[in-house]
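Labels below follow one simple rule: chain letters A, B, ... track the order of the sequence lines, proteins then strands, and each chain is numbered from 1. This one's a predicted model, so the numbers in the text were calculated from it and none came from an experiment.
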Amino acid sequence: MSKYRTHTCGELNIKNKNTDISISGWLNKKRDHGNLLFLDLRDNYGITQCVIDKESKSFKDLEKIPLETVLKINGTVLQRSDETVNKDLSTGEIEVKIKTHVILGTTKELPLPVFTDQEYSEEIRLKYRFLDLRRKKIHKNIILRSKVISFIRNEMQKMGFLEFQTPILTSSSPEGARDFLVPSRLNPGKFYALPQAPQQFKQLIMVSGFDKYFQIAPCFRDEDARADRSPGEFYQLDIEMSFVDQSNVFDVVEKLMVKLFNNFSSKKMLYDKFPKIKYTDALMMYGSDKPDLRNPLKIYEITDIFSRDDVKFEIFKKLVKKGSIVRGIVTKQTSNQPRSFFDNIDKWAKTEGASGLAYFTIEKDKIITGKGPVGKFFSEDSLKEIMKITSAEVGDSIFLACGTKNEVEKILSLARDKIGSDLNLIDENSFAFCWIIDYPMFEKDEETGKIKFSHNPFSMPQGDIDNIDLSNPLEILAYQYDIVCNGIELSSGAIRNHIPQLMYKLFKVAGYDKKDVDVKFSGMINALSYGAPPHGGIAPGIDRIIMLLADEKNIREVTMFPMNQNAQDLMMNAPSEVEGTQLKELGLEIKKK
RNA sequence: GGGGGUGUAGCUCAGUUGGUUAGAGCGAUCGCCUGUCACGCGAUAGGUCGAGGGUUCGAGUCCCUUCACUCCCGCCA
């Protein structure tokens, strides 16, 4: 028992009737009837209505105190009359008749109301995050976050994984995102980097013989923010396992995700065994390597149609001749949609930087015709061919994009989302997980034209690794995979390359010679040279998992103390300038602009 | 780095074609009210209309510049 309370504000019920209790909490709401005063006291656990009348000594004081004052209430639990029961509160059958009170913490005038459902600006919320966090919805989200993390720890331990911490101050890595740098006092002119992920460490843990590792790992990347991407820091469920192939990793993650999502959400899981989609197929069918499988729309390749003489759509034909491709999205039975539906999508595509989306609807009178601005350009035979390729039927519509492969994929991927939500095709009450597999090992840098690693340079290539053919590096696939849910990329992972000789070969393709590798990845390459087990892993993003479970669109709604879009902490005033003496100690000088 | 949106009272917002003294709800302060649970009623205080410049007889409103927040593109092995 505490000197501040016998019960919490969510605890009292009819069983406590007529007992003397004390509770402490924040003054959530006052209802002052002049001679009778209701006070709602709130703590982490709930809300309890307290009542006091004019005869009581505390009345005058309590009538005046502002909302969010912290109070201790001593009183008696009374059963409420039937008409005054509040079914929305767990404590709604009782109220506390106040005998005495103590003010534990006073408040200045509030910069934002706590008791309200209204939204307010991020700026004010982040500056007064401690007030914002008192509000019901975000308070609940943060508690959910805690429970999810405990659940994950527990499940991982049950599956035999060991949790380890890895260094926060480590070395800068040449690949990947921009590093956060930390100057070293003892080594002037040198810098630590905060880890973008514990990638090398988790592999070293495997080389060290610990077999199965996990960590709720902080990761730091100095890149610009998005709604689903905190600037600076985020958390991953970092996993690595020895003596596994990718199916073993999939089994562990599927088991965990199914349990986790069933436990914390009432939405249904569309698949218990997550579909595996090849990277190239994903780009073809969905235009993206993070498809939302709740959306039934698919993309079809119909470039060849535009080489036919009976197709007169000259703009597209000309582009196709020059090497452009044409792909389309079919929407089922949309012939009776108003003209505005189609025009809005075309207009929308233009705002997304595309040249628009051509469209027509397939109709049949005596013969099959195309209706819509470009429908007249297609002969009956060509329409039949399109219907064959896309499985479209009379009454369906087709949206067409023409351009380079990248352009077409990008706009049609966005169009899938846009049209899917406009037509209400997406079941918001479900989770659709999938694996994207068979990523290419290398890709061509658009700007420099050079070959570079497409994802993780430590991934194991597929095929005969003893006699690997490096003459066509862009065709080499890797044991590299992503897990995606509802169109959100949760994580990527890979089976790692544990063979140093093979690694040298692959790095060579990406333009690093042996010396470069030895210097830049000395820890890794050295460790792999002394008996490394085959190993692999994955690292699902904790924040995004919690976003999905909490049904939030913004990562700040599930982050306790987030930074704003400019990577500033408005509450703590970070980043900030530092004393000249600190800089001097570090051997740093600030160049004034 | 680029594009879109927003910026009016402590908070959330309205403000017509450019036209009198810029409004509402919540909150604050004061008063009334014994069964509310978004209690009700009355009054008062509270404004550099993000900032700067311009057009105009007159600008919250139109134009230019700039700042802040936010969403997106780039970026994120």
Side-chain angles (χ1 to χ4, degrees), chain A residues 28-42 47-56 59 63-68 78 80-89 91-92 95 97 107-128 131-132 173-179 196-197 199-200 219-232 234 348 351-354 410-411 414 439 441-443 445-447 452-459 478 480 482 489 492-494 507 510 521 539 541 553-554 556 564-566 568 570:
Chain A
N28 192 58
K29 189 70 187 162
K30 261 191 310 189
R31 289 174 296 280
D32 188 351
H33 292 238
N35 292 316
L36 182 72
L37 174 63
F38 295 100
L39 301 170
D40 291 340
L41 206 64
R42 181 197 73 241
I47 290 179
T48 301
Q49 173 169 285
C50 305
V51 62
I52 187 168
D53 66 34
K54 205 168 192 174
E55 309 311 312
S56 181
F59 186 86
E63 204 180 21
K64 298 286 170 220
I65 58 176
L67 301 185
E68 296 306 308
L78 299 181
R80 295 204 205 177
S81 67
D82 288 349
E83 323 83 73
T84 60
V85 164
N86 184 343
K87 289 195 178 100
D88 298 331
L89 290 182
T91 60
E95 63 193 0
K97 169 103 176 161
T107 175
K108 299 197 281 188
E109 186 177 343
L110 298 170
L112 56 89
V114 172
F115 173 73
T116 169
D117 287 332
Q118 92 187 357
E119 301 282 336
Y120 29 58
S121 75
E122 292 269 347
E123 198 173 359
I124 205 90
R125 289 182 63 191
L126 294 183
K127 182 161 181 198
Y128 297 96
L131 289 178
D132 190 35
S173 64
E175 293 273 329
R178 205 175 287 113
D179 282 318
Q196 296 181 23
Q199 180 60 40
Q200 295 191 54
C219 303
F220 306 90
R221 294 176 194 176
D222 188 3
E223 298 292 352
D224 289 351
R226 288 287 184 281
D228 65 349
R229 204 165 83 200
S230 288
F234 62 98
W348 161 86
T351 67
E352 291 294 326
K410 197 174 146 196
I411 189 63
L414 292 168
Y439 275 80
M441 187 85 213
F442 298 102
E443 65 187 16
D445 190 303
E446 294 283 333
E447 282 170 28
K452 59 174 195 179
F453 288 107
S454 68
H455 276 73
N456 186 326
F458 303 125
S459 297
Q480 163 90 41
D482 273 15
E489 182 193 326
S492 58
F507 267 98
F521 304 101
K553 297 253 180 305
N554 193 300
R556 292 185 295 276
N564 70 7
Q565 200 172 42
N566 292 323
Q568 299 159 337
L570 299 175

Problem set entry | Between N564(A) and E123(A): side-chain donor-acceptor atoms closer than 3.5 Å | no

Exercise. Closest nucleotide of RNA chain B for A197(A) versus for E122(A): which of these residues is on the 5' side?
Worked result: E122(A)

Problem set entry | d(CG, L112(A); C1', rG25(B)) in whole Å | 17 Å

Exercise. Does K30(A) make a side-chain N or O approach to OP1 or OP2 of rC26(B) shorter than 4.0 Å?
Worked result: no

Exercise. Within the structure, does a side-chain N or O atom of K64(A) lie under 4.0 Å from either OP1 or OP2 of rG31(B)?
Worked result: yes

For this session: For rC11(B) versus rA38(B), give the span between their C1' atoms, rounded off to a whole number of Å.
Result: 16 Å

For this session: Between rG74(B), rG10(B), rC33(B), spot the one nearest the side chain of D32(A), thanks.
Result: rC33(B)

For this session: Remember a base hit wins even if backbone is also touched, and classify Q480(A) as base, sugar-phosphate or nothing at under 4.0 Å, heavy atoms.
Result: nothing

For this session: Determine the contact category for R125(A): base if any of its heavy atoms lies under 4.0 Å from a base atom, sugar-phosphate if only primed atoms, P, OP1 or OP2 are that close, otherwise nothing.
Result: nothing

For this session: Please state whether the phosphate of rC37(B), meaning OP1 or OP2, lies under 4.0 angstrom from any side-chain nitrogen or oxygen of R42(A).
Result: no

Problem set entry | Nearest-angstrom distance, C1' atom, rC62(B) to rU55(B) | 8 Å

Problem set entry | side-chain N/O N566(A) vs rA68(B) OP1/OP2, d < 4.0 Å | no

Problem set entry | Distance between C1' atoms of rG54(B) and rG47(B) (Å, rounded) | 24 Å

For this session: Starting at atom NZ of K29(A), determine the distance to atom C1' of rG40(B), rounded to an integer number of angstrom.
Result: 12 Å

For this session: Determine the contact category for K553(A): base if any of its heavy atoms lies under 4.0 Å from a base atom, sugar-phosphate if only primed atoms, P, OP1 or OP2 are that close, otherwise nothing.
Result: nothing

Problem set entry | Nearest heavy atoms of G34(A) and E63(A), plus distance in Å | O-OE2, 3.8 Å

Problem set entry | Separation of the P atoms in rG10(B) and rU6(B), to the nearest angstrom | 22 Å

Exercise. Given rC32(B), is OP1 or OP2 found less than 4.0 Å from the side-chain N or O atoms of N35(A)?
Worked result: no

Problem set entry | Polar side-chain contact E123(A)-rG7(B) base: donor and acceptor under 3.5 Å | no

For this session: Rounded off to whole Å, could you give me the NZ-to-P distance for the K54(A) and rG35(B) pair?
Result: 14 Å

Problem set entry | Short side-chain N/O contact to rG27(B) OP1/OP2 from Q118(A), under 4.0 Å | no

Problem set entry | Rounded distance (Å) that lies between atom C1' of rG10(B) and atom CD1 of I124(A) | 8 Å

For this session: On the 0 to 90° scale, with breaks at 30° and 60°, tag the F521(A)-F507(A) ring pair as parallel, tilted or perpendicular.
Result: tilted

Exercise. Are any side-chain N or O atoms of R221(A) and backbone N or O atoms of Q196(A), one a donor and one an acceptor, separated by less than 3.5 Å?
Worked result: yes

Exercise. Applying a 3.5 Å limit to both distances, which nucleotide forms a Watson-Crick or G-U wobble pair with rC32(B)?
Worked result: rG40(B)

Exercise. Among rG10(B), rC71(B), rU36(B), which is the nearest nucleotide to the side chain of F38(A)?
Worked result: rU36(B)

Exercise. On a whole-Å scale, what distance lies between the C1' atoms belonging to rG4(B) and rG15(B)?
Worked result: 24 Å

Problem set entry | Spacing of the P atoms in rU44(B) and rC39(B) (rounded, Å) | 24 Å

Exercise. Using 4.0 Å as the upper bound for N to carboxylate O, is an ion pair formed by R229(A) and D224(A)?
Worked result: no

Problem set entry | Distance-only donor-acceptor test (3.5 Å): side chain R221(A), base rC75(B) | no

For this session: Mind checking I47(A) for me? I need base, sugar-phosphate or nothing, with any heavy atom below 4.0 Å counting as a touch.
Result: nothing

Problem set entry | Among rU34(B), rC73(B), rC37(B), the one nearest D53(A) by side-chain distance | rU34(B)

For this session: Identify the nucleotide, in any strand shown, that forms a Watson-Crick or G-U wobble pair with rC69(B), with both distances under 3.5 Å; if there is none, say none.
Result: rG5(B)

Seminar exercise, completed: The reported gap from CG in L131(A) to CG in L112(A) (rounded to nearest 0.5 angstrom) is 5.0 Å

For this session: Go ahead and name the base partner of rU12(B); Watson-Crick or wobble counts if both distances stay under 3.5 Å, otherwise write none.
Result: rA24(B)

For this session: Could you tell me whether N564(A) contacts a base, only the sugar-phosphate backbone, or nothing, with contacts defined as non-hydrogen atoms closer than 4.0 Å?
Result: sugar-phosphate

Problem set entry | Interatomic distance where CG belongs to L36(A) and C1' belongs to rC41(B) [whole Å] | 17 Å

Exercise. How is Q199(A) classified with respect to the nucleic acid when contacts are heavy atoms under 4.0 Å: base, sugar-phosphate, or nothing?
Worked result: base

For this session: Please determine if a side-chain N or O atom of R31(A) lies less than 4.0 Å away from the OP1 or OP2 oxygen of rC39(B).
Result: yes

Exercise. Per the atom types in the model, does the base of rU36(B) pair as donor or acceptor with the side chain of R80(A) at under 3.5 Å?
Worked result: yes

Problem set entry | Span that lies between the P atom of rC37(B) and that of rA45(B), in whole angstrom | 30 Å

For this session: Using whole Å, report how far CD of Q565(A) lies from P of rC71(B).
Result: 5 Å

Exercise. On a whole-Å scale, what distance lies between the P atoms belonging to rA59(B) and rU21(B)?
Worked result: 12 Å

For this session: Please say whether more than 12 non-hydrogen atoms of neighbouring residues, nucleotides or ligands are located less than 6.0 Å from NZ in K127(A).
Result: no

For this session: Give P113(A) one of three labels, base, sugar-phosphate or nothing, depending on what nucleic acid heavy atoms sit under 4.0 Å from its own.
Result: sugar-phosphate

Seminar exercise, completed: Rounded to whole Å, NE2 of H33(A) lies from C1' of rC33(B) at a distance of 9 Å

Problem set entry | Presence of salt bridge, R125(A) and D132(A), under 4.0 angstrom | yes

Exercise. Which part of the nucleic acid, if any, lies within contact of S454(A), taking any heavy atom under 4.0 Å across all strands shown: a base, the sugar-phosphate backbone alone, or nothing?
Worked result: sugar-phosphate

For this session: Classify the nucleic acid contact of N28(A) as base, sugar-phosphate or nothing, counting any heavy atom under 4.0 Å across all strands shown.
Result: nothing

Seminar exercise, completed: RNA chain B nearest-nucleotide lookup for L67(A) and A225(A): closer to the 5′ end is L67(A)

Exercise. What nucleic acid atoms does T84(A) come within less than 4.0 Å of, heavy atoms only: base, sugar-phosphate, or nothing?
Worked result: base

Exercise. How close or far is atom P of rA28(B) from atom CZ of F115(A), stated in whole angstroms?
Worked result: 12 Å

Exercise. Hey, is the side chain of T116(A) poking within less than 4.0 Å of OP1 or OP2 on rC11(B), counting only N and O atoms?
Worked result: no

Exercise. Less than 4.0 Å between a side-chain N and a carboxylate O, is that true for E68(A) and K108(A)?
Worked result: no

For this session: Please check the phosphate of rU36(B) (OP1 and OP2 only) for any side-chain N or O of Q49(A) closer than 4.0 Å.
Result: no

